[in-house]
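The structure appears below as structure tokens.
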Protein chains: 2
Amino acid sequence: MIRDVDWSLYRSFLAVMEAGSLSAAGRRLRISQPTMGRHIRTLEAALGQSLFLRTPDGLSPTDAALALMPHAEALADAAGALTRAASGGRDAMEGSIRIAASEVTAAEILPPIVRGMMDRWPGLVIELAVSNSDEDVMRRAADIAVRMAAPRQDALVAARIGGFELGLYSHPAYLRGRPAVERAEDLRGHRLIGFDRPFAYTDIFRVAGKRIARDDFALRSDSDMAQLAAIRAGCGIGVCHAPLSGGLVRLLPADFAPEVEMWLLMHPDLRSLSRFDHVFAYLADALARHIAGPGGAAAPAS
Amino acid sequence: MIRDVDWSLYRSFLAVMEAGSLSAAGRRLRISQPTMGRHIRTLEAALGQSLFLRTPDGLSPTDAALALMPHAEALADAAGALTRAASGGRDAMEGSIRIAASEVTAAEILPPIVRGMMDRWPGLVIELAVSNSDEDVMRRAADIAVRMAAPRQDALVAARIGGFELGLYSHPAYLRGRPAVERAEDLRGHRLIGFDRPFAYTDIFRVAGKRIARDDFALRSDSDMAQLAAIRAGCGIGVCHAPLSGGLVRLLPADFAPEVEMWLLMHPDLRSLSRFDHVFAYLADALARHIAGPGGAAAPAS
DNA sequence: TATCTGCCATTCATATATGAATGATCAGGG
DNA sequence: CCCTGATCATTCATATATGAATGGCAGATA
């Protein structure tokens with residue numbers, strides 16, 4: 001039976017897993033390479049199994065180490081959340097807050113809102129994490145998340161911000177000189193932009209009842225931001241949030257107009273620290289304005 | 001900005017929170033009281049806020065410390081999960097496994113099953129944790145959980161074991177010399193056993209359409225085990241799993257027979273360690289047998 | 001009041017962990 | 001071929017963290 005493993009050994013373990021070598025891990029944690037080596041040796045002794053194979057250019061993890069990796073990450077998430085939670089006074093608007101959002105949200109929607117928050121509360125440090133699952137909040141990898149679907153975990157603090165439409169859009173420069181798109185069939189022969197791997201949106205992508213599949217796309221990317229940029233650059237026709245479609249031409253509005261919900265999520269353990277509540281309320285308000293109309297970047301009233 | 005807080009300081013923090021004094025926390029972690037005191041002082045300095053008020057009979061946590069507590073618990077859960085995951089060889093049936101179940105399940109259903117597992121795999125160490133939420137598995141406070149409802153978190157490995165009936169039961173000794181219970185109205189004037197605080201079952205407790213509320217109970221307990229024991233002791237009439245009703249008399253079977261589902265849950269990060277898979281499969285099989293019939297305690301075929 | 005038993009803070013000698021320096025090894029590039 | 005730039009392992013002096021012992025304090029108990 002294994003008892004009393006020092007938690008900082010786990011930290012060193014994770015650093016070595018991520019950095020790939022004792023030296024690199026040591027640099028990251030600001031401890032020396034010999035010490036890092038001793039930590040790993042101590043941990044291996046405590047766990048009774050070997051975790052790495054020493055090679056001339058680093059340590060390569062054994063299967064056992066790989067199996068422990070997700071647990072070590074969970075530990076790091078929890079430690080990070082604890083550090084963030086403690087990073088300000090209990091009621092002061094100071095300290096770090098980590099916000100998770102999709103790429104498009106982080107790049108197109110949040111910046112002016114975040115700016116408003118930073119102006120209002122100069123003591124806040126905002127971390128923007130790009131990711132796409134409510135898991136992040138559950139796992140404490142983020143404090144607050146902006147999501148485009150109702151939460152599947154009902155242990156979270158959740159607020160429905162509102163709904164907005166997705167639409168098929170294209171840049172005028174792309175459409176110039178190409179056949180007009182007036183009926184669903186006209187999409188054939190056009191360049192479509194879509195997702196690479198199957199995704200939550202995969203099922204939404206139906207035009208006039210017909211599902212558009214992976215093979216129909218001429219440009220595939222799992223990054224929603226890359227897709228949006230491609231549409232704007234005139235690469236073809238793709239899906240885009242209606243509130244973000246300035247300068248683009250909407251196509252087939254009658255055939256493709258799925259409604260998407262925006263939600264804001266927070267881990268309940270953060271409620272006792274008031275700055276998380278304030279930021280949550282601020283974000284909810286500002287995002288609702290963004291959805292409601294074009295002037296959405298203005299600071300909320302509250 | 002707070003950086004680089006040694007994770008073992010968090011461990012000392014949690015120990016002091018739980019133990020209530022430096023000395024007690026030190027005993028628990030097998031470190032001396034002065035060292036514990038230094039850890040707390042170091043942590044307070046690192047976080048820039050005071051966490052405890054020193055009193056003659058212990059340390060009392062500040063609000064800031066209370067707010068950090070759930071995060072520290074999450075950290076401890078993750079560390080425990082990591083330690084358990086590492087507590088055996090990668091493919092060997094050795095090491096610790098923590099199973100969460102309700103009191104009745106842990107006391108009435110699991111013991112013979114667990115015994116079968118221990119006989120079959122002598123190297124296993126089983127920890128039985130009594131609790132009632134799928135959260136436990138999500139939070140890694142347990143590796144595998146037996147639950148009486150479909151999981152609400154869809155990030156978990158889940159297996160539906162089967163359904164069984166709840167029924168109203170009483171001990172013959174209680175019924176002797178009392179008015180017979182043949183129609184729903186006959187329950188009036190009888191002693192009912194039920195839950196104290198509102199609960200998932202609260203809504204299920206309807207007899208012939210009429211909801212039985214908290215005030216109708218003559219004996220209230222939030223412990224399902226205590227309820228079962230009370231029924232068996234002849235205290236009155238209560239709800240009990242049909243498969244556990246041996247020796248009891250069923251009442252109003254036509255009016256009260258809700259179906260309950262049994263589920264088995266596991267954290268996906270454990271799949272790469274085969275002993276968790278094996279135990280999961282063993283439990284699923286054995287529990288299905290328990291539900292299916294009276295001979296359910298026999299070892300599964302697999 | 002006197003006594004006992006928890007608790008925390010301080011001291012100081014000691015055990016422990018750490019880092020700088022060094023050497024050995026391997027891979028890639030001129 | 002012989003550098004250069006990575007890596008890890010070892011050594012040893014030093015810094016750091018630790019524990020035993022002690023004292024003081026407050027609240028029980030008699």
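Lettering of chains follows the sequences in order, A, B, ..., and the numbering in each one begins at 1.
In this structure, the helix from dT1(C)-dA30(D) to dG30(C)-dC1(D) shows an angle of 20° between the axis at its start and the axis at its end, each fitted on 5 base pairs and rounded to 10°.
With respect to the salt-bridge test (charged N to carboxylate O, under 4.0 angstrom), the residues Glu108(A) and Arg232(A) qualify. A salt bridge links Arg11(B) with Asp4(A): the distance from a Lys NZ or Arg NE/NH1/NH2 to an Asp or Glu carboxylate oxygen falls below 4.0 Å. A salt bridge is absent between Glu73(A) and Arg140(A); no separation between the charged side-chain nitrogens and carboxylate oxygens falls under 4.0 Å. Using a 4.0 Å cut-off between a side-chain N of Lys or Arg and a carboxylate O of Asp or Glu, Arg275(B) and Asp143(B) do not qualify as a salt bridge. A salt bridge links Asp136(B) with Arg147(B): the closest approach of a Lys/Arg side-chain nitrogen to an acidic carboxylate oxygen falls below 4.0 angstrom.
Contacts of Gly37(A) with the nucleic acid, taken as non-hydrogen atoms under 4.0 Å apart, are absent.
Residue Arg54(A) places none of its side-chain N or O atoms closer than 4.0 Å to OP1 or OP2 of dT7(D). A close approach under 4.0 Å does occur between a side-chain nitrogen or oxygen of Ser23(A) and OP1 or OP2 of dC8(D).
Protein chain B contacts DNA chain C from dC7(C) to dT10(C), reading 5' to 3' and using non-hydrogen atoms of the protein with a distance under 4.0 Å.
Under the 4.5 Å side-chain criterion, counting only non-hydrogen atoms from C-beta, Met117(A) is in contact with Ile99(A). In this structure, Val157(A) and Phe280(A) have side chains that are in contact, with non-hydrogen atoms separated by less than 4.5 Å. Between Arg191(B) and Phe217(B), the closest side-chain pair of non-hydrogen atoms is not below 4.5 Å. Thr42(B) is listed as a side-chain neighbour of Leu9(B), based on a closest heavy-atom distance under 4.5 Å.
Using a 3.5 Å distance cut-off with no hydrogens or angles, the side chains of Ser223(A) and Glu103(A) do pair a donor with an acceptor.
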In B/S/- notation, 5' to 3', how is nucleotides 21-29 of chain D contacted by protein heavy atoms closer than 4.0 Å? B----S---
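Look at CG on Leu53(A): it is 18 Å from P on dT7(D), rounded to the nearest Å.
Of the two residues near DNA chain C, Thr55(B) and Thr35(A), the one whose nearest nucleotide lies more 5' is Thr55(B).
Closest approach of Ser272(A) and Ala67(B) over heavy atoms only: OG-CB, 3.6 Å.
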